[in-house]
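Inspection log for the structure reproduced underneath, given as structure tokens.
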Amino acid sequence: YGGVLMYKYGKPDDPDRDRVIISKGHSTMGLYPILADIGFFPKEELKKYGYGTGILRIFGNISIPGIDATSGSLGHGQGIGAGYALSAKKKNMTQKTYVIISEGEMYEGAVWETALFASHQKLDNLIWVLDRNHKIILGDTEDLLELEPIQDKWESFGWEVFSVNGHSITELLKAFERTKEKNGKPKIIIADTVKGKGVSLMEHQPDWHYWQGMTDEQIKTARKELEVA
């Protein structure tokens, strides 16, 4: 997976492993297959996703091995991540904390309080990734409550900013490599993305933020476009 995170296979309780927080909790499902693949829980659990008979919840929950914060309410994961990073600093640990955030969360005051806190505490072991697809539930972010210029905002709060194509593994890995620099600044990677990337009927459509149900023909088309058998 790119060699970015520090972890030990099958050891979700390793106190030295890097932390990953999916603050946009509805996206935590993207982490589950990876955690299963590195032995944090049996792969059979993936088939029980969302069912009471399994351990995997729709939103991230600390009852799941490898999940470091219960998420769902936007704007909370950032503060938790800063807490992990500050603790690691005080203990002189090499541990890093990564937080995946949504642009809708930038409407939350707690996010900016954490941004100030992290900068003041010089948490250069804290890395955020902003999924910048310009969409929230109600539509385009710039029509609802303008967020730009995002890069200037984060830099003014004392953060080091990297802007990348969020669909380019190469660009993302280069940015993660640069976040290793210890310069006293927390880091944020602004990942420019397309909502619903790869499925033509979903791309750029905020309505697909929530499950709408798909016809058999739509499922067939989506699988073909994604090259899924």
Side-chain angles (χ1 to χ4, degrees), residues 2-8 11-25 27-28 31 59-62 64 66-132 141 145 147-164 166 171-192:
V4 176
L5 294 178
M6 178 177 64
Y7 68 91
K8 295 177 181 176
K11 300 288 186 180
D13 297 327
D14 176 18
D16 295 323
R17 71 172 176 82
D18 288 340
R19 304 294 171 175
V20 179
I21 295 172
I22 313 294
S23 189
K24 44 179 291 185
S27 295
T28 311
L31 192 56
F59 288 85
N61 190 287
I62 57 174
I64 303 167
I67 298 299
D68 296 306
T70 297
S71 54
S73 296
L74 297 181
H76 290 183
Q78 292 86 348
I80 297 171
Y84 273 122
L86 180 62
S87 176
K89 277 275 189 183
K90 288 185 175 296
K91 296 175 182 177
N92 293 315
M93 298 173 66
T94 58
Q95 181 187 85
K96 294 182 177 63
T97 299
Y98 297 83
V99 185
I100 314 300
I101 75 173
S102 64
E103 57 212 331
E105 290 184 276
M106 292 178 62
Y107 292 160
E108 304 287 346
V111 171
W112 299 106
E113 293 173 17
T114 302
L116 285 170
F117 174 83
S119 179
H120 176 75
Q121 296 292 340
K122 302 186 186 306
L123 300 181
D124 51 12
N125 58 342
L126 179 64
I127 301 97
W128 291 3
V129 180
L130 171 64
D131 181 12
R132 178 60 168 146
T141 58
L145 188 60
L147 293 174
E148 291 293 349
I150 286 182
Q151 181 161 335
D152 292 347
K153 286 184 170 73
W154 284 104
E155 288 178 345
S156 73
F157 274 69
W159 286 57
E160 187 171 16
V161 183
F162 306 95
S163 295
V164 303
E171 289 191 27
L172 283 166
L173 290 178
K174 286 181 179 178
F176 280 123
E177 184 64 29
R178 293 178 65 189
T179 65
K180 294 179 180 179
E181 181 183 358
K182 295 198 173 294
N183 57 6
K185 290 187 175 184
K187 319 293 198 296
I188 184 167
I189 297 172
I190 300 175
D192 189 32

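The figures here come from the full heavy-atom set of this structure, side chains too, leaving out hydrogens, waters and symmetry mates. Just so it is clear, the model here is predicted, and its values are computed rather than measured. We count residues from 1, following the sequence as given.
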Partners passing side chain to side chain contact (heavy atoms under 4.5 Å, CB included) against [X] (at least two apart in sequence or in another chain):
{"X": "P149", "result": "D152, K153"}
{"X": "L147", "result": "E103, M106, Y107, R132, T141, E142, I150"}
{"X": "V111", "result": "Q78, E105, E108, W128, W154"}
{"X": "A82", "result": "T114, F117, L123, L126"}

#### Entry: Which residues share a ring-ring contact (aromatic ring centres under 6.0 Å, His included) with F157, sequence neighbours left out
W112
Let me check something: any side-chain donor-acceptor pairs from residues 182-191 under 3.5 Å, sequence neighbours excluded? List them with distances.
residue, atom, partner, partner atom, Å
N183, OD1, K185, N, 3.1
N183, OD1, K187, NZ, 3.3
N183, ND2, E160, OE1, 2.8
K187, NZ, D124, O, 3.3
K187, NZ, E181, O, 2.9
K187, NZ, K185, O, 2.8

#### Entry: Exceeds 12 heavy-atom contacts within 6.0 angstrom, atom NZ of K11
no
### Query
Taking it one step at a time, do V4 and L173 satisfy side chain to side chain contact (heavy atoms under 4.5 Å, CB included)?
CA-CA 8 Å; V4 176; L173 290 178; 3.8 Å; yes
### S163: partners by side chain to side chain donor-acceptor pair (under 3.5 Å), with sequence neighbours left out
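Side chain to side chain donor-acceptor pair (under 3.5 Å) check on S163 returns Q151.
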### Query
Can you list the residues that meet the side chain to side chain donor-acceptor pair (under 3.5 Å) rule with D16, with sequence neighbours excluded?
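None.
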### Query
Applying salt bridge (charged side-chain N to carboxylate O under 4.0 Å, His left out), which residue pairs with at least one partner in residues 111-123 are found, sequence neighbours left out?
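Qualifying pairs, neighbours excluded: none.
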### Task
Using the test salt bridge (charged side-chain N to carboxylate O under 4.0 Å, His left out), find all partners of K180 that sit at least two apart in sequence or belong to another chain.
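Once residues adjacent in sequence are excluded, the partners of K180 under the salt bridge (charged side-chain N to carboxylate O under 4.0 Å, His left out) criterion are E177.
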### Task
Mind jotting down which residue pairs meet the ring pair (Phe, Tyr, Trp, His ring centres under 6.0 Å) criterion with at least one end in residues 171-192? Sequence neighbours excluded, please.
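Residue pairs passing ring pair (Phe, Tyr, Trp, His ring centres under 6.0 Å), neighbours aside: Y98-F176.
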### Task
Work out which heavy atom in V99 is nearest to a heavy atom in S23; give both atom names and the distance.
CG1-CB, 4.0 Å
